[in-house]
Engineer: 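Could you have a look at this structure, given as structure tokens, before my questions?
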Amino acid sequence: MTILKSLSATTAALMLALPAVSFAQADRDVEAEEANRALVIQFYNQFFNEHETEQSSAVLAEDYIQHNPDVPDGKAPFVDYFAGYFEENPDYKSEIVRSATDGDLVWLHVHSTNGDEDRGEAVVDIFRVENEMIVEHWDVIQAVPEEAANENTMF
């Protein structure tokens, strides 16, 4: 192989590798991600299972951003909304089935129920954490059906 052909082959190989390099994921700070996960799980259990809305909300940013269209933005409106909800629904619980992290995001896969007879809902909650505060939230909610087209559970 001539030097020119060898150089061309090497250049082509490098050019093909560039897209993979440019899209490579940055190093993750697993320790920070796990701290975020612990913060969100503690908040979630206190808030949604113990219905301790005041103490647990200390980790919510004042300008908390809410993407659920039924719940208002802001820490105080969020707390007020759920304090009323828990007063009307004292048996409401949310069992965290699994969780995951990626950077400043924490995902929870949850089974929410409102009493022992309720099949409940499958929920994926996504929280963004910044400086040890929950600053933003998204969720996807699906009712648990009586019958399914498969033998798998939603959890």
Engineer: Measuring from I126:CD1 to L105:CG, what's the distance to the nearest 0.5 Å?
Structural biologist: 7.0 Å

Engineer: Where do W107 and V124 come nearest, in terms of heavy atoms and distance?
Structural biologist: CD1-CG1, 3.9 Å

Engineer: Could you grab the distance from atom CG of D29 to atom OG1 of T101, nearest 0.5 Å is fine?
Structural biologist: 10.0 Å

Engineer: What distance do L108 atom CG and F127 atom CZ have between them, rounded to the nearest 0.5 Å?
Structural biologist: 5.5 Å

Engineer: Do you know which two heavy atoms are closest between F86 and F47, and how far apart they sit?
Structural biologist: CE1-O, 3.2 Å

Engineer: Could you give me the CA-CA distance, side-chain angles and deciding distance for V123 and S94, then say whether side chain to side chain contact (heavy atoms under 4.5 Å, CB included) is met?
Structural biologist: CA-CA 9 Å; V123 179; S94 289; over 6 Å; no

Engineer: Using the side chain to side chain contact (heavy atoms under 4.5 Å, CB included) rule, take D102 and R28 through it: C-alpha gap first, then chi angles, then the decisive distance, then the call.
Structural biologist: CA-CA 8 Å; D102 184 18; R28 293 176 66 179; 3.9 Å; yes

Engineer: When rounded to the nearest 0.5 angstrom, what is the spacing between OG1 in T113 and CD in E121?
Structural biologist: 10.0 Å

Engineer: So F48 and Y85, ring pair (Phe, Tyr, Trp, His ring centres under 6.0 Å) or not? Walk me through it.
Structural biologist: CA-CA 10 Å; F48 290 102; Y85 183 83; 8.9 Å; no

Engineer: Could you give the distance from NE2 (H111) to CD1 (I96), rounded to the nearest 0.5 Å?
Structural biologist: 13.5 Å

Engineer: Side chain of N131, backbone of M133: donor and acceptor closer than 3.5 Å?
Structural biologist: no

Engineer: Within the supplied structure, the quantity of interest is the number of heavy atoms (other residues, nucleotides, ligands) at a distance under 6.0 Å from E34 CD; does it exceed 12?
Structural biologist: yes

Engineer: The criterion is ring-ring contact (aromatic ring centres under 6.0 Å, His included); which residues satisfy it with Y64, sequence neighbours excluded?
Structural biologist: F78

Engineer: Which heavy-atom pair separates Y81 from V71 by the least distance, and what is that distance?
Structural biologist: CE2-CG2, 3.7 Å

Engineer: Assess the residue pair D125 and V110 against the criterion (side chain to side chain contact (heavy atoms under 4.5 Å, CB included)); give the C-alpha distance rounded to whole Å, side-chain angles, the decisive distance to 0.1 Å, and a yes or no.
Structural biologist: CA-CA 8 Å; D125 281 300; V110 176; 4.2 Å; yes

Engineer: Say whether V135 and V129 are linked into one hydrophobic cluster, either directly or through other cluster members, by side-chain heavy-atom distances under 4.5 angstrom.
Structural biologist: no

Engineer: Check whether D73 reaches the backbone of Q66 with its side chain - one donor and one acceptor, N or O, closer than 3.5 Å.
Structural biologist: yes

Engineer: Any side chain to side chain donor-acceptor pair (under 3.5 Å) involving residues 46-63? Give me the pairs, sequence neighbours left out, ordered by first then second residue.
Structural biologist: N45-N49

Engineer: Name the atoms and distances for all side-chain donor-acceptor pairs under 3.5 Å in residues 141-155, with sequence neighbours left out.
Structural biologist:
| unit_1 | atom_1 | unit_2 | atom_2 | d |
| --- | --- | --- | --- | --- |
| N150 | OD1 | N152 | N | 2.9 |
| T153 | OG1 | F155 | N | 3.1 |

Engineer: Compare every heavy atom of A58 with every heavy atom of K75, then report the nearest pair and how far apart it is.
Structural biologist: NZ-CA, 4.0 Å

Engineer: Are E95 and K93 within salt-bridge range, i.e. N to O under 4.0 Å?
Structural biologist: no

